[in-house]
Amino acid sequence: MSSPEPVPLVIVEGFLSSAGAIVWGNFEEHSNYACQSNGEQNRRTIFASVGPVSSLHDRACELFYSLVGGTVDYGLEHAQANKHGRYGRAYGDGLYPQWSVDHPLHFLGHSMGGPTIIKLQWLLSTGFFGRKHSADMILSVNTVSAPFRGTQLVYRLGEDTHNAPAVRRFSPGDLLAKGVHVAAYLSPILPRFFDLHADARDLSFRSASVWSLLSQLRKSDWAESRDATPYDATFEAADEREALREGAVHPKTYYRSYCATLNDPSPSSPSTSSTSRTSWFSWLTQWPFHASAAAISNFDFASLRPIPAFMETVAAARRASKLGNTDTIEDGVIDVATGGDYLSASLRANDGVVPLFSQWHPCECRCKHFSHSDNILDDGEKTRYDCPPEAGVWNVHHLAQAHHFSIVPFWLGMPSQKAFWLDLGHWLRTIDRARIDVAGGAAVERCILVPQESSADSGCG
């Protein structure tokens, strides 16, 4: 009897990224090792194209319809509130038209691709796409350097700290917005690489006049709105999402995040991993990220209005430390004696784009952390799964001396990239096996790779 086809993996790219397999490279040779070594079919990889600068809502809608097919429907209420058309691009049969609870999908999101997947699952759970669609259609969520709770970088690039989504004039973000409008205006004659998925906004020369373009170049209605990526990357937008419980885990979905840092927030953590022994090429590509990492680390949180909710978590941790409270913070990885200091440091430790704490997971949840000493990139043969992990729990892996693009999307054939895809392939295969066993009525023994530093379940702040 032949083994069932592995559940396909959908890859969702981040901000300003829509190159697909062109830059992601030959990772399937390594991601499919787990399947091939067990005599199974290769896992299908699906690159789903979404708006590279669009809001999480719009990206999630585009992701859904690109998979199932049909015309993108952003929803009447959303379209009216954000002053763009309700309907977007029309897809034919879709990349995976059979997508359903019986035919679920794995998802991998890099950067803003991570929150996009979370938004999609939330829309599915609320019945936005119809009651026949469910959050259980997403079998696993896997993210790399995802800004679930925002990033300081968006303010450094021009987002107003007191009046987001307003953008400071002639800031890098303002200049980028002007470039986006020019690209949108010329989109009918530009290569597919520049596809902004702005069909519902009527910004191209086929729909808009030159005077309209000049008006948008002066002040962008899109970039300075709540319906674009920059605002969704603010701490204010993250608080709004979490207030609605967007990002709450689902009991039948498996969650994993890979969190990169160029600077380690914990002085006691070892820094001898293989990822810290970089080649001259790695050093050459890392220096711009060290510059942006410094800008993020030195950000003045006191300048933010409204005050982000996570600042209350830091304050609570410090108060608990002073009072000698014995409760643990963030899964036992942070003990109460240093909890406040660690959380504060994790706001500044970053991968050159996203702070560490924001990469962990959205919302309060059950989660397990794996420290730098358990780095999956140190040894591609170290991490194996004899039985599946637990669903409804975030598994957070910390990657030392790694920047925002160290692992994906740009394929350089580095040992760390090969190790990542090899490990991810094993992770997905164990989830597939668990799903088959459950469908067959077999009892499934749950387990997870145990880190060298123990981690206990708790509500994560």
Compare every heavy atom of [Y] with every heavy atom of [X], then report the nearest pair and how far apart it is.
| X | Y | value |
| --- | --- | --- |
| Leu120 | Phe129 | CD1-CE1, 3.8 Å |
| Ala260 | Ser145 | CB-OG, 3.9 Å |
| Pro104 | Pro8 | O-CD, 4.3 Å |
| Leu203 | Ala198 | CD1-CB, 4.4 Å |
| Ala60 | Leu123 | CB-CD1, 3.8 Å |
| Trp122 | Leu244 | NE1-O, 3.8 Å |

Working to the nearest 0.5 angstrom, can you tell me the gap between [X] [atom1] and [Y] [atom2]?
| X | Y | atom1 | atom2 | value |
| --- | --- | --- | --- | --- |
| Cys259 | Asn350 | SG | CG | 12.5 Å |
| Leu105 | Leu139 | CG | CG | 8.5 Å |
| Phe64 | Asp73 | CZ | CG | 10.0 Å |
| Leu356 | Ile296 | CG | CD1 | 11.5 Å |
| Phe299 | Thr151 | CZ | OG1 | 9.0 Å |
| Ser55 | Tyr231 | OG | OH | 11.5 Å |

Using a 3.5 Å distance criterion without hydrogens, assess whether the side chain of [X] forms a donor-acceptor pair with backbone atoms of [Y].
| X | Y | result |
| --- | --- | --- |
| Ser292 | Gly352 | yes |
| Thr45 | Leu9 | no |
| Ser134 | Met137 | no |
| Gln417 | Leu412 | yes |
| Glu242 | Cys363 | yes |
| Gln401 | Leu262 | yes |
| Arg149 | Ser358 | no |

Item checked: With Asp58, the salt bridge (charged side-chain N to carboxylate O under 4.0 Å, His left out) member among Arg86, Arg226, Arg201, Arg89 -> Arg201

Could you tell me if the side chain of [Y] sits less than 4.5 Å from the side chain of [X], heavy atoms only?
| X | Y | value |
| --- | --- | --- |
| Glu13 | Pro52 | no |
| Val408 | Phe27 | no |
| Arg305 | Glu236 | no |
| Glu246 | Pro362 | no |
| Leu108 | Val144 | yes |
| Thr253 | Gln121 | yes |
| Pro165 | Glu159 | yes |
| Phe235 | Gln152 | yes |

Which word best sums up how the rings of [X] and [Y] line up, parallel for under 30°, tilted for 30 to 60°, or perpendicular for over 60°?
| X | Y | answer |
| --- | --- | --- |
| His398 | Trp360 | tilted |
| His403 | Phe289 | parallel |
| Trp24 | Trp421 | perpendicular |
| His110 | Phe405 | tilted |

Margin query: I'd like to know if Arg59 pairs up with Asp232 as an ion pair, taking the criterion as any Lys NZ or Arg NE/NH1/NH2 lying under 4.0 Å from an Asp or Glu carboxylate oxygen.
Written below: no

Check: Does NZ in Lys178 sit with more than 12 non-hydrogen atoms of other residues, nucleotides or ligands closer than 6.0 Å?
Finding: yes

Note to self: Would you say that more than 12 heavy atoms from the other residues, nucleotides or ligands in this model lie under 6.0 Å from the CD1 of Ile307, or not?
What the structure shows: no

Notebook entry, point to check: Are the aromatic ring centres of His57 and Phe128 under 6.0 angstrom apart?
Noted result: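 Judged by ring-centre distance (under 6.0 Å), His57 and Phe128 do meet the cut-off.
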
Looking just at side-chain N and O atoms, do [X] and [Y] make a donor-acceptor pair shorter than 3.5 Å?
| X | Y | result |
| --- | --- | --- |
| Ser140 | Asn142 | yes |
| Trp427 | Asn395 | no |
| Tyr74 | Glu62 | yes |

Next item on the list: Might you work through the side-chain contact (heavy atoms from CB on, under 4.5 Å) test for Tyr87 and Asp199, ending with a clear yes or no?
Entry: CA-CA 8 Å; Tyr87 299 103; Asp199 309 58; over 6 Å; no

Check: Are Glu390 and Arg366 close enough, and set up right, to give a salt bridge (charged side-chain N to carboxylate O under 4.0 Å, His left out), and what steps lead you there?
Finding: CA-CA 10 Å; Glu390 184 180 0; Arg366 292 182 59 221; 3.1 Å; yes

Margin query: As a quick check of understanding, evaluate salt bridge (charged side-chain N to carboxylate O under 4.0 Å, His left out) for Arg168 and Asp160, giving each step before the final call.
Written below: CA-CA 6 Å; Arg168 298 190 299 275; Asp160 195 307; over 6 Å; no

Check: After noting the C-alpha distance and the side-chain angles of Trp394 and Val141, does the key distance pass the side-chain contact (heavy atoms from CB on, under 4.5 Å) rule?
Finding: CA-CA 9 Å; Trp394 273 97; Val141 175; 4.1 Å; yes

Next item on the list: Might you work through the side-chain contact (heavy atoms from CB on, under 4.5 Å) test for Trp222 and Val53, ending with a clear yes or no?
Entry: CA-CA 10 Å; Trp222 187 10; Val53 297; 3.6 Å; yes

Next item on the list: State which residue, out of Val10, Leu424, Ile11, Asp432, fulfils the side chain to side chain contact (heavy atoms under 4.5 Å, CB included) condition with His106.
Entry: Asp432

Next item on the list: Could you check Val7 against Arg43 for side-chain contact (heavy atoms from CB on, under 4.5 Å), going step by step and ending with a plain yes or no?
Entry: CA-CA 7 Å; Val7 174; Arg43 185 182 309 279; 4.2 Å; yes

